[in-house]
Amino acid sequence: MYTNLQNVQILIAMLKEFKIDTVVVSPGNSHNAIVRSLESDDYFHTYNIVDERSAAFFAIGLIEELKKPVAICCTSGTAVSNYLSGVTEASRRELPLVIITGDKNPYYLGQYEDQVIDELSIFSSVVRYSCQLPIVENQNDFWYCNRVINEALLEMNHHGCGPVQIDVPIEKGMLAIGNTFNTKELPKVTVIKRISQLSEDTEWKDLFDKLAGKKVLLLCGQDDHIADEENVLIEKCNREKKYVFAVDKLSNLHGDHVLEITGAVKAHEYDMQIYCPDVVISFAGNTALDYKFKLKKLSKNFEHWIVNEAGRVADPYKNLTVVMECTTLEFLRKLAQFGTVASAEYEALWRDAVHTYEMPEVEYSNLYAISQLMKGIPAKANLHLANSSTIRLAQYCALNPEVQVYCNRGVNGIDGCMSAFIGHAAASKSLSYLIIGDLTFFYDMNALWNRYVGNNVRILLSNNEGAALFHFNQGLEKYPTLNENVAAEHFATAKGWAESQGMRYLSAHTKEEYDNNLVEFMQEDSDKPILFEVFTKKEEDAKIQHQFYDNFAPKSVSMKQDVKKVVKSILGQGMLDRLRGKL
């Protein structure tokens, strides 16, 4: 039997998965549920040492002889403090010691509760990783608990060895008796494997053998600098192994070997289940693809692998199983060398989806302004896309493949989008474009208040008097006070500020004005930087964006639009939105 406390169950299961079978325990109450669960499982060999200071050094002796990780486990309070000297020794000698500290509910910290101290701070300078498990009450808690234990145990021997701490808060069932200790089996846990460039070729081959015949989708995230070899390797992996490489504007990858899937996802949003992969592999930076939200809802159907140079655990879909610690280029070399042939039918399915939908026409709006500008940007120019509506809308717009695209997508915040653009343009001799929304512009307007705004600068400012994104997602019907505190309605214009900073100022309130002034805005030679302010209405922009999305249709399904209209008329928009959320 095991304790009924799920955070302890997960911990015990993970110790077994990582083959940590030796534990030095010390007496007490706060960790009783852990100790009794260990004692009840024949997998573990426990030693009991009363003095925690001595217990930590005793464990060091075991590590010396057994040549493998050993855990120590104690009750809460100053018992934890007594481990410090032994843990410090383990740290200096780079020994794989797992410190399991029993604890009380962290809500009681500083409340004169018996034996409650800040146990995480005690080893902060001498452990490689320290975490506090949640008290598991739902699936989200379970996932988080599973993830951080993986992170702790992976870090124990990551680029050298050293101690790690896992703090286990326990509130109910501390004594592990009666009906608090009657669980017969440990839960199924997810083990995350880390593989690196230094791993044996056989490990890489074994890993990629798992892709044979599978539906494999690679999400290519933000990458500012693509090596020629990367393009060659991606083309090889797509052509020979049938991997689907999904890109967005920030991937800066182009050609028949990659698929820009944003429009296809919108056209097929009602049947996304059939496009669900078996394995998702993420590489490079963050992706601007809205498809990632679809994947989060389908995450039980696939496993996720991620590539990052730091070997960091990042689990956005809550199903991460593999971390590949290497650069994108190194990963692609391994994939090309050892990758097995995936499902050709799945690759053909996505390719058909991408090439057989119709892009809807759009009337004058912020989307119209963005799309008309983007298709006219010349080769070799730089394009910065601001967060947040701008980067989303831009995914649907045509763009010369020789235009390099940038965005502050690390955090996705609106602050600093224009400053980053001006800094880039100041160091570049290329024509440089920025597409930016009004709140993002005014938040960062001091970016123009310097002497480095050159004549290569072209700024398209979409001014719809507030944040249209919230009108798209919520709307005044659902949120009557939306404009006051969320959408930040305003009636400001950039004209005076732009002209005071020596910029040429253009503006448009209609499609005709926009089309006429776009010609001047796109001129490559100018004796001044140019700001083009395009005025629309946020409510109308949100309405047009909804219509734009609704009008996507696969060419192979001519009645798709009629079906959408019938479904919408029967169910209503609210029910339709809820159904979409489940796809």
Where do [X] and [Y] come nearest, in terms of heavy atoms and distance?
| X | Y | value |
| --- | --- | --- |
| L217 | W350 | CD1-NE1, 4.2 Å |
| V148 | Y129 | O-CE2, 3.8 Å |
| I192 | L154 | O-CD2, 3.6 Å |
| I166 | L153 | CD1-CD2, 4.2 Å |
| A152 | V164 | O-CG1, 3.4 Å |
| N319 | S299 | ND2-O, 2.8 Å |

Determine whether [X] and [Y] make a side-chain contact, defined as any pair of heavy atoms from C-beta on separated by less than 4.5 Å.
| X | Y | value |
| --- | --- | --- |
| M418 | T440 | no |
| N7 | V136 | yes |
| Y2 | V8 | no |
| F245 | L253 | no |
| C417 | Y443 | no |

Exercise for the section: Would you please indicate if the ring centroids of F208 and Y243 are separated by under 6.0 Å? Expected result: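 Judged by ring-centre distance (under 6.0 Å), F208 and Y243 do not meet the cut-off.
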Within a reach of under 6.0 Å around [atom1] of [X], are more than 12 heavy atoms found that belong to other residues, nucleotides or ligands?
| X | atom1 | result |
| --- | --- | --- |
| Y107 | OH | no |
| K300 | NZ | no |
| R312 | CZ | no |
| D42 | CG | no |
| F18 | CZ | yes |
| D256 | CG | no |
| K172 | NZ | no |

Exercise for the section: Classify the side-chain pair E230/T328 by whether it contains a donor and acceptor separated by less than 3.5 Å. Expected result: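 There is no such pair between these side chains.
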Handout entry: Pair K210 + E303: basic N to acidic O under 4.0 Å
Key =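 Answer for the salt bridge query: no.
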Exercise for the section: Decide, yes or no, whether a salt bridge links E200 with K205 under the criterion of side-chain N to carboxylate O below 4.0 Å. Expected result: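 Looking at E200 and K205, the cut-off is not met.
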Exercise for the section: Could you check D290, L289, D248 and say which one makes a side chain to side chain contact (heavy atoms under 4.5 Å, CB included) with I261? Expected result: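 For I261, the side chain to side chain contact (heavy atoms under 4.5 Å, CB included) check succeeds only for L289.
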Exercise for the section: Check each of E94, Q165, H158 against R128 using the side chain to side chain contact (heavy atoms under 4.5 Å, CB included) test, and report the only one that passes. Expected result: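 With R128 as partner, E94, Q165, H158 yield a single side chain to side chain contact (heavy atoms under 4.5 Å, CB included), made by H158.
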Exercise for the section: Start with the C-alpha distance between E260 and K249, add both sets of side-chain angles, then the distance that settles salt bridge (Lys or Arg N to Asp or Glu O under 4.0 Å), and finish with yes or no. Expected result: CA-CA 8 Å; E260 196 163 342; K249 290 291 189 293; 2.4 Å; yes
Practice task
Evaluate the criterion side-chain contact (heavy atoms from CB on, under 4.5 Å) for residue pair I436 and F421; output intermediate values, then yes/no.
Solution key: CA-CA 10 Å; I436 189 168; F421 163 72; over 6 Å; no
Exercise for the section: Determine yes or no for a side-chain-to-main-chain donor-acceptor pair under 3.5 angstrom, with R147 supplying the side chain and D315 the backbone. Expected result: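 Here the side-chain-to-backbone pair does not exist.
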